[in-house]
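First up is the structure itself, then whatever we jot down about it.
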Amino acid sequence: MVKIDISGAKEFFGPTGPDFSKVSNAHRTLFERSGEGAEYTGWLELPERVKAGELKAILSAAARIRGNSEALVVIGIGGSYLGAKAAIDLLRSPNYNMKKKDTPDVFFAGNGVSPAAISEIIELIGDRDFTVNVISKSGGTLEPALSFRVFKALLEKKYGAAGAKRRIIATTDAQRGILHDTAVSEGWERFIVPNDVGGRFSVLSAVGLLPMAVAGIDIEKVLNCAVRELHDLDLRSSENPAWIYAGVRQHLYGLGRQIEILACFEPSFRFMAEWWKQLFGESEGKNGIGIYPASVEFSADLHSMGQFIQDGPRRLMETVVSFEDDGAELKVPFELRDRDGLNYLAGVQFGEVQRIVTKAVAGAHIKGDVPNIAITASRRDEEGFAELVCFFEMSCALSAYVSGVNPFNQPGVEAYKKNMFKMLQERE
Ligand code: PA5
């Protein structure tokens, strides 16, 4: 399990601390499936179900793609792309496609309608062999559907209709939806987004696992660790890090901390933060309430957002994610003339510098009236990824139930869709 340190938040608690009886009730509601949205709590057993079900087929599709493709185009938006992107950036590299490797490049399309972005992916694929994994639970989301048209046409041009069929994999609902129906009638290989798992909780299904496996991530290891984590996070006690996180952030919200910034000193964490923003934003921001989830990347953002965090309106709380072991070793070099005066750090590991900078930043922000929650995962590897995913999913569901909202719906997302489809159909 992740470790959580709330010593940097306690001084902001006021006369009473977090109300863990509310978190305890939320935990019961979640596990007894008695709350709103209970029909979308299948993520609690998702890793076990995938291990017993689709895992073999996912591994074999990934092996086939690695064997016959130099690129995989993953088409999806929101929960149908952020988890896989986050995992590949964190565990392989944010520069994954630029690295020398024996696994295919992975491109993410369908998360927008930018003609420049779509055209650039086509240009980058060039004349290389590629496969398309189109992911949409509903099967009717405009952005991925439009990109899919483009890449399907490219496949058909390159491989002919029959060849293209063997290079399209659809990840969608098991029974319904346009994508499901088309995949069945065209005979495309299919993977399932389970009925009882919402998009933003689906990273540990084929939605996230297939692209991750293509990129060389050990998904069996991810799943094994996730099974253990979800079991451990069922701890009904205020020692449970998910209880602490959910309880503290709701307590601070009640004291006027309306914005939570998630920070990390690892650039490879950027899309984990994007995944986290969707998870908490869509789950909690409803009925006129919710903590606004924002993210910053340190040290870079200390020189852009640092001023605001230290000194702007005091509505912030800060959650900082670190890894006990980053797996990377680099020492500060010795300089003969020491012109920058930094020889006192010569020979020190950058990891050690990072640990000290992290502490120094937290200290300054706490002094500047920003409550600080520190979360530490074990390693920046498959286990650390699973720890973070399970911890945040569990905390998110508990936190949303504590605040009295249904964590698993997203009625607000429909508004833009309705407007958009109306205007597109009515356009001149
Ligand atoms: O969490 C959710 O359910 C949403 O954010 C979806 O992931 C997103 O809207 C994409 O939907 P779909 O997979 O149906 O295309």
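Both ligands and their constituent atoms are indexed starting at 1 by order of listing.
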CD1 of Ile135 to OG1 of Thr172, rounded to nearest 0.5 Å, is 10.0 Å

Counting non-hydrogen protein atoms only, what is the nearest one to atom 11 (O) of ligand 1? Give residue, atom name and distance. Thr141 OG1, 3.7 Å

Over 60° means perpendicular and under 30° means parallel, so tell me whether Trp43 and Phe408 are parallel, tilted or perpendicular. tilted

among protein heavy atoms, the one nearest atom 2 (C) of ligand 1 is Glu282 OE1, 3.4 Å

Any N or O of Gly199 closer than 3.5 Å to N or O of ligand 1: yes

If you measure every N or O of Ser136 against every N or O of ligand 1, does any of those distances drop under 3.5 Å? yes

Taking only heavy atoms of Lys137 into account, list the atoms of ligand 1 that are under 4.0 Å away from them. 12 (P), 13 (O), 14 (O)

Parallel, tilted or perpendicular: rings of Phe108 and Tyr81 (30°, 60°): tilted

Less than 4.5 Å apart, any side-chain heavy atom of Gln250 and any of Pro18? no

Relative to each other, are the rings of Phe31 and His27 parallel, tilted or perpendicular (30° and 60° limits)? parallel

I want to know if ligand 1 touches Gly79 in the polar sense, i.e. an N/O pair below 3.5 angstrom. yes

Would you check if the distance from the ring center of Phe201 to the ring center of Tyr40 is below 6.0 Å? no

Could you check which of Arg200, Gln410, Gln278 puts a non-hydrogen atom nearest to atom 5 (O) of ligand 1? Gln278

For atom 9 (O) of ligand 1, is there a protein heavy atom at a distance under 4.0 Å? no

Which atoms of ligand 1 sit under 4.0 Å from any heavy atom of Ile77? 7 (O), 8 (C), 10 (C)

Out of Ser138, Gly140, Ser80, the nearest non-hydrogen contact to atom 13 (O) of ligand 1 is supplied by Ser80

Would you compute the distance between atom CG of Leu55 and atom CG of Leu209 and round it to the nearest 0.5 angstrom? 7.5 Å

